[in-house]
Participant: 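Submitted below is the structure of interest, expressed as structure tokens.
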Amino acid sequence: QVQLEESGGGSVESGGSLRLSCQFTRSRYCLAWFRQAPGKQREGVVGIDSDGTTTYTDTVKGRFTISQDDVKNTLFLQMNNLKPEDTGIYYCASGGFYSDGVFQCRPDRPEHFGYWGQGTQVTVSS
């Protein structure tokens, strides 16, 4: 069983920054951030596997950075140059899957993430 708890959400103006944190009890090789905007499906933002390989969705590349502190069991998401379309509830999750014997850490495949935090709200005003 993996438990995750996010923190760090808030309200900022467009162009501002926020840093989200996710405390986890045990890594499952792949950790990721997802978000869900009002009225929209949950989407993957970025994932990081045990080798440190990251996979970002195109809309956040160059603005968001994922990092992990293995000593403190904490996952971070540094979000810079925030835009109103970044508004939503942000979740961290643990999961991943094997395909042809290769472990995949794919935030575009949320169905393969079995452990989720409760989410933290991020609101970006224009």
Participant: Can you tell me if E6 uses its side chain to pair, donor with acceptor, with the backbone of C22 under 3.5 Å?
Facilitator: no

Participant: Could you walk me through whether F113 and F34 pass the ring-ring contact (aromatic ring centres under 6.0 Å, His included) test, one step at a time?
Facilitator: CA-CA 10 Å; F113 288 79; F34 293 80; 5.0 Å; yes

Participant: Report yes or no: does Q36 contribute a side-chain atom to a donor-acceptor pair with the main-chain N or O of Q41 at less than 3.5 Å?
Facilitator: no

Participant: Got a donor-acceptor contact below 3.5 angstrom from the D49 side chain to the T53 backbone?
Facilitator: yes

Participant: Does D69 reach the main-chain N or O of V71 with its side chain, forming a donor-acceptor pair under 3.5 Å?
Facilitator: yes

Participant: Just grab all the side chain to side chain donor-acceptor pair (under 3.5 Å) pairs involving residues 74-88, residues at least two apart or on different chains.
Facilitator: S17-N80, Q23-T74, R35-D86, R63-D86, Q78-N80

Participant: In this structure, is the centre-to-centre distance between the rings of W33 and F64 below 6.0 Å?
Facilitator: no

Participant: My understanding is that only residues two or more places apart in sequence, or in another chain, count here; which of them pass side-chain hydrogen bond (donor to acceptor under 3.5 Å, both in side chains) with R42?
Facilitator: none

Participant: Hey, any chance Y56 and L82 share a hydrophobic cluster, counting ILVMFWY side chains that come within less than 4.5 Å of each other, even indirectly?
Facilitator: yes

Participant: D58: what forms a side chain to side chain contact (heavy atoms under 4.5 Å, CB included) with it, not counting sequence neighbours?
Facilitator: K61

Participant: Of all heavy-atom pairs between G47 and P107, which one has the smallest distance, and what is that distance?
Facilitator: N-CG, 3.7 Å

Participant: Is there a side-chain contact between V46 and L77 in this structure, where contact means two heavy atoms from C-beta onward sitting under 4.5 Å apart?
Facilitator: yes

Participant: Do you know which two heavy atoms are closest between V2 and S94, and how far apart they sit?
Facilitator: CG1-CB, 4.2 Å

Participant: Indicate yes or no: at least one non-hydrogen side-chain atom of Y91 is less than 4.5 angstrom from one of Q118.
Facilitator: no

Participant: Inspect the surroundings of CD in Q121 and state if more than 12 heavy atoms from other residues, nucleotides or ligands are less than 6.0 Å away.
Facilitator: yes

Participant: Would you say the ring centers of F103 and F97 fall short of 6.0 Å from each other?
Facilitator: no

